[in-house]
Amino acid sequence: MLRSRVESKNLIPAVATATVMLIGLTILGCQRPETTDRKAVEPEGHPQAQAEAVPIKGRAQMWSENCMRCHNIRDPKSLSDTEWQVALHQMRVRGNLLAEEHKGILELMQAGN
Amino acid sequence: MLIRPKTTLVVIATLWMLGGGIALGEQPDSDNVVSREEYDNLKKEFEAFREQMLKTNQNRAPAKMDQETQEYLQYLETELGVVKDLALASQQGSTKFLVTGYATAGFTDRRGENSTFDAGFNPIFLWELNDRLLFEGEIELELPGDAETETNLEYANASYLVNDYVTVGAGKFLTPFGIFNERLHPAWINKLPDRPLPYGSEGGLAPVSSTGAFVRGGIPVGKTMKGNYAFFLSNGPELNIGDVAASEAGSLKFHNNADSNNNKAFGGRVGFLPIPELEAGYSFMYFQAQPDGFTNVDVVLHAIDVSYIRDSDALGGVIDARFEWVWSDVDDATYDADGSLGFGPTRFNNSRDGGYAQVAYRPSKNGNKVIKKLEGVVRYDWLNNPNGAPESFDEERYTCGLNYWLTPSTVVKAAYQMDNKDNGANDADAFLVQAAIGF
């Protein structure tokens, strides 16, 4: 049986590292072009969506790699475009998805329903 | 086709000229001069002719429009209707709403207890206020054995996507400590009908949800690897001093919604995915747990988790393996110092640990319609409690289950559990059945 006693002072480096990391990420994230904006996402058939979308293969791979990590994959047809948008917003937060995964998978679900 | 004014003018001009030509042609060639009277007569004649022409044109144009244009107008009207409907359907204001959640129906036959049915309903409300702002709320409706329907606010929080790597939020949220509570506990996701011991709702070592604020996100590591993090600051759980039951002395009350002291809990988890199928995580949580008037008690919780999920042709389906180990280290303290509670004074080394290892396999690529929907699960879970604590015992269980998936989020689970407790506590083997729907 493993029993580790960790003194609270051991947490100080951990907290400091986490804080520095977060500040770094916030600054880095704010400088990078944002993929959070989903204006390019249009219903299937819209030429703009085809032109700006993540390639199909990449999107399908993102889907299979991410969406079965916690639960079974659901049929894209099970939700409407708007419902997918809301459900995937929750998954983005819960599953700590990358922004491009969020965008690519949303496009795939909306194209496949 | 519409008759354009320009065309009309050309026609008129031509007619005029022709008319003029004819008129002129009627004149004697000799003097080429037209009298005023002749001119006026001709003019009148021509005006009459022109009017007649215009009238004919006016009468003929609508007749032509009726045929072609009306068809076209009708087509436009239908198209416009479709477009209008589409626009209205996708408009729905600028906020988007989704009601989801899950429901369960279960049956438990545990040795030493009366067998019982149970049911639960957990509606979840998701509200996307804009591309960055999301509210999520879950209400848990349960049927406790001895009371009316119990309502719990499982979570209610708003989160904001600050940028690609950072999301912040506040409210009551599933605690990102370990993975079971945050990712696996909903009945349509959990592959067995009950919770593993370290995450048990009674006697567990970690909080299900916390009230406070969080920051989280995912980050790419190199080209193919990924990392993720979630940190939170929240109300801290409270130490059980044994005033309700001696057996609870030294354990933690995770359900307190208001903090018992001014020292907030700080915790979080960092995860790393070297390959998409594999994730390893480390979680920690630090807080002070003493209630008012009790000596300071520092608590440190740690956990590690490993998940491996692979959908492979070679395996003929999906293999889902999980492992978690949680350590709880609570400062030693003297319980029932004055003996008024009837079990003290007592002091013990208040360290606990518990974990589970679970493997599930579903032959989803099998040609048989029934076999491909079956899933076998085995889980070993354990919980070690402090030896010196009142009425304390260690426990380990082996659980085997068979699931039948009707849809990706509808499952019927049956499991048998072998229980093993030390210190003379009763082993409570159990037969568990649960049907769960995620919607």
Side-chain angles (χ1 to χ4, degrees), chain A residues 1-8 10-11 14-15 18-19 21-22 24-39 43 61-62 64-66 68-75 78-90 92-102, chain B residues 90 92 96-98 100 124 126-128 131-132 134 136 159 161-167 169 174 179 182-184 186 188-189 215-220 226 228-231 266 268 270-271 276-277 279 284 286 298 300 302 307 309 311 318 325 327 329 349 351 353 384 405 407-409 438:
Chain A
M1 201 156 59
L2 192 103
R3 290 201 165 157
S4 64
R5 166 158 288 274
V6 175
E7 297 299 332
S8 55
N10 288 358
L11 280 166
V15 174
T19 315
M21 210 176 93
L22 274 177
L25 278 173
T26 314
I27 295 167
L28 193 79
C30 290
Q31 284 171 347
R32 282 270 304 249
E34 292 194 6
T35 31
T36 318
D37 197 320
R38 295 201 300 279
K39 281 205 187 82
Q61 196 178 343
M62 282 174 182
S64 63
E65 281 179 5
N66 281 289
M68 56 179 289
R69 284 204 281 122
C70 301
H71 53 67
N72 290 336
I73 276 181
R74 291 199 190 189
D75 187 346
S78 60
L79 299 178
S80 72
D81 280 8
T82 313
E83 288 169 341
W84 272 119
Q85 190 171 326
V86 182
L88 280 175
H89 194 146
Q90 190 193 30
R92 159 89 179 264
V93 179
R94 190 73 65 88
N96 299 313
L97 300 181
L98 302 180
E100 63 259 32
E101 291 170 341
H102 178 194
Chain B
S90 60
Q92 297 175 339
K96 289 156 184 109
F97 198 65
L98 176 62
T100 171
I124 295 174
L126 302 176
W127 188 19
E128 190 186 64
D131 274 2
R132 292 170 186 274
L134 177 79
E136 56 164 16
S159 60
L161 304 175
V162 177
N163 62 42
D164 284 3
Y165 313 112
V166 181
T167 300
L174 291 171
I179 54 170
E182 202 191 40
R183 303 181 175 185
L184 307 174
W188 64 273
I189 302 179
V215 52
R216 61 189 303 156
I219 339 147
K226 277 192 299 184
N228 55 64
Y229 67 92
F231 298 112
F266 175 66
V270 282
E277 295 87 2
E279 178 169 359
F284 71 95
Y286 166 75
D298 284 354
V300 179
H302 294 272
S307 307
I309 294 94
D311 182 356
V318 183
W325 197 345
W327 293 269
D329 219 321
N349 174 8
S351 294
D353 76 279
N384 291 317
W405 289 94
T407 77
S409 59

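What's counted below: heavy atoms across the whole structure, side chains too, no hydrogens, waters or symmetry copies.
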Proximal component of [X], with respect to chain A [non-hydrogen, under 4.5 Å]:
X        : answer
B:Leu174 : side chain
B:Thr167 : side chain
B:Leu134 : both
B:Glu279 : side chain
B:Glu182 : both

Q) Side-chain donor-acceptor pair under 3.5 Å between B:Trp325 and B:Asp353, yes or no? A)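 Judged by distance alone, the side chains do pair up.
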Q | Residues in side-chain contact (heavy atoms from CB on, under 4.5 Å) contact with A:Glu65, at least two apart in sequence or another chain | A |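 side-chain contact (heavy atoms from CB on, under 4.5 Å) list for A:Glu65, sorted by chain: A:Gln61, B:Pro276.
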Q: Find out whether the Lys NZ or Arg CZ of A:Arg74 is both under 6.0 angstrom from the six-membered ring centre of B:Trp188 and within 45° of the ring's axis.
A: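 Output yes; distance and angle both within limits.
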Q: Grab the two heavy atoms, one from B:Pro408 and one from A:Asn72, that are nearest each other, plus how far apart they are.
A: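 It is O-ND2, 3.0 Å.
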(Q) If you define the side chain from C-beta out and look only at heavy atoms, does anything of B:Glu277 sit under 4.5 Å from A:Met68? (A)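 B:Glu277 does not reach A:Met68 side chain to side chain.
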Q. Among B:Ile124, B:Ile309, B:Thr407, B:Val318, which residue forms the greatest number of heavy-atom pairs with chain A at distances under 4.5 Å?
A.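 Of the candidates given, the most pairs with chain A belong to B:Ile309.
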